[in-house]
Amino acid sequence: MPGPLNAHFLPALVEPAALAGSVCIIIDLLRASTTITHALAAGADRVLPCLEPAEALALRDRLGGDALLGGERGGLRIEGFDLGNAPAEYTPDRVSGRTVIFTTTNGTRAALHARPAAAILVGCLANLSALVEYLAGRPEPIHLIAAGTRGVITMEDCLCAGLIAHRLTAAGHPLGDDDPVRIAIELAQRTGEDPGRILATLRASRGGRNLARLGFDADIEACARIDTHSTVPALTFSPALGPVIGPASV
């Protein structure tokens, strides 16, 4: 029987221990989830998430070679990093065959919060259909975890969680007992999958307003597009490297 769906509007609203044995979907729609998906779809060998820039720099120095540093603080590329957190920066010419060491304000923290889960995936609108196809029918409980922004709930992540959950209910997954997943689905039903409504909702959201102030409206447009990629990123843990994100195995 397909596993039940649960949603958490911030990582802090679910204890890591409660995620044991489940499948977790990490959602930081604007922009880390979308950027990670773009990077792997563009041929990046792997993405190594780090909590802090200093950790990323130390890992780059340890790995050597042609590892790239990517990420942001306050929405802007970190000084000395090769790439920011804009999906369009992660092109095949730039990242194909390379390791990306990645740190962001919210998304990488959310991913590492879910460490006790049996499987950790990265979800966004860009991989919506591929993600739902990968998840449909799985018997484990499924937890949709929204990254938020600095501990504040954000509408764009809730919308993305709702769109994923709405499709999974159509695939036979029941809802869990708590209300956040129902709230997310209601938001998604009001917006639907209409491109114009999704883009307007993202622009009106906290994350969208922050990006607009920084001049990154093109990133909002990129993150609003459904099914631009078939890649489903999965987070695993390596004894040598720590957390590693690569394409999920079929």
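Predicted model, so just to flag it, every value in this text is computed and none were measured.
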Residue pair [X] / [Y], side-chain heavy-atom distance below 4.5 Å:
| X | Y | answer |
| --- | --- | --- |
| P247 | V232 | no |
| D82 | R94 | yes |
| R62 | L59 | yes |
| T34 | L29 | yes |
| L63 | I101 | yes |
| P139 | M1 | no |
| T35 | E89 | no |
| L128 | V132 | yes |

Under 3.5 Å: donor-acceptor pair, side chain of [X], backbone of [Y]:
| X | Y | answer |
| --- | --- | --- |
| S33 | V122 | no |
| Y134 | S249 | yes |
| S22 | L19 | yes |
| R209 | L202 | no |
| R138 | G3 | no |
| S238 | A240 | yes |
| T149 | V152 | no |
| D157 | A146 | no |
| D194 | G196 | yes |
| T169 | H166 | yes |

Cluster question for you: counting only ILVMFWY and a side-chain heavy-atom cut-off of under 4.5 Å, with indirect links fine, are [X] and [Y] together?
| X | Y | value |
| --- | --- | --- |
| L241 | I245 | no |
| I164 | I36 | no |
| L187 | I220 | yes |
| V100 | I78 | no |
| L69 | V47 | no |

Straight-line distance of [X] [atom1] to [Y] [atom2], nearest 0.5 Å:
| X | Y | atom1 | atom2 | result |
| --- | --- | --- | --- | --- |
| L131 | T231 | CG | OG1 | 11.5 Å |
| C24 | I145 | SG | CD1 | 4.0 Å |
| L163 | I185 | CG | CD1 | 10.0 Å |
| H173 | I142 | NE2 | CD1 | 4.5 Å |
| I25 | C124 | CD1 | SG | 11.0 Å |
| D45 | L48 | CG | CG | 9.0 Å |

For the pair R98 and D66, find out whether any cationic side-chain nitrogen is under 4.0 Å from an anionic carboxylate oxygen. yes
Between the side chains of R203 and D217, is the shortest nitrogen-to-carboxylate-oxygen separation below 4.0 Å, so that they form an ion pair?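 Here D217 pairs with R203 in a salt bridge, since their nearest N and O are under 4.0 Å apart.
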Just checking, any donor-acceptor pair under 3.5 angstrom between side chains of [X] and [Y]?
| X | Y | answer |
| --- | --- | --- |
| T154 | R206 | no |
| T104 | N85 | no |
| S129 | R167 | yes |

Among I27, I26, V23, exactly one meets side-chain contact (heavy atoms from CB on, under 4.5 Å) together with L144. Which residue is that? I27
So with a 6.0 Å cut-off around [atom1] of [X], is the heavy-atom count from everything else above 12?
| X | atom1 | answer |
| --- | --- | --- |
| E193 | CD | yes |
| R150 | CZ | no |
| D177 | CG | no |
| Q189 | CD | yes |

Smallest separation among heavy atoms of [X] and [Y], with atom names:
| X | Y | value |
| --- | --- | --- |
| A165 | V181 | CB-CG2, 3.9 Å |
| T108 | P49 | CG2-CB, 3.8 Å |
| P11 | A147 | CD-O, 3.6 Å |
| L10 | G151 | CD1-O, 3.2 Å |
| A224 | I198 | O-CG2, 3.8 Å |
| A39 | Y90 | CB-CD2, 3.6 Å |

Pair F81-L57, side chain to side chain contact (heavy atoms under 4.5 Å, CB included): steps then yes or no: CA-CA 9 Å; F81 275 41; L57 287 163; 4.2 Å; yes
Would L125 and C223 satisfy side chain to side chain contact (heavy atoms under 4.5 Å, CB included), going step by step from the backbone distance to the final call? CA-CA 7 Å; L125 297 182; C223 294; over 6 Å; no
Please identify each residue that fulfils salt bridge (charged side-chain N to carboxylate O under 4.0 Å, His left out) with R197, with sequence neighbours left out.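 With sequence neighbours excluded, R197 shows a salt bridge (charged side-chain N to carboxylate O under 4.0 Å, His left out) to no residue whatsoever.
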Under the criterion side chain to side chain contact (heavy atoms under 4.5 Å, CB included), I'd like the reasoning laid out for I183 against F9: C-alpha separation, chi angles, the key distance, then a yes or no. CA-CA 10 Å; I183 295 169; F9 291 158; 4.1 Å; yes
Fit a plane to each ring of H229 and H38, take the angle between them on a 0 to 90° scale, and name the class: parallel (under 30°), tilted (30 to 60°) or perpendicular (over 60°).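 Rings of H229 and H38: perpendicular, as their planes differ by over 60°.
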Could you check E72, E52, R73 and say which one makes a side-chain hydrogen bond (donor to acceptor under 3.5 Å, both in side chains) with T103?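 Only one of E72, E52, R73 forms a side-chain hydrogen bond (donor to acceptor under 3.5 Å, both in side chains) with T103, namely R73.
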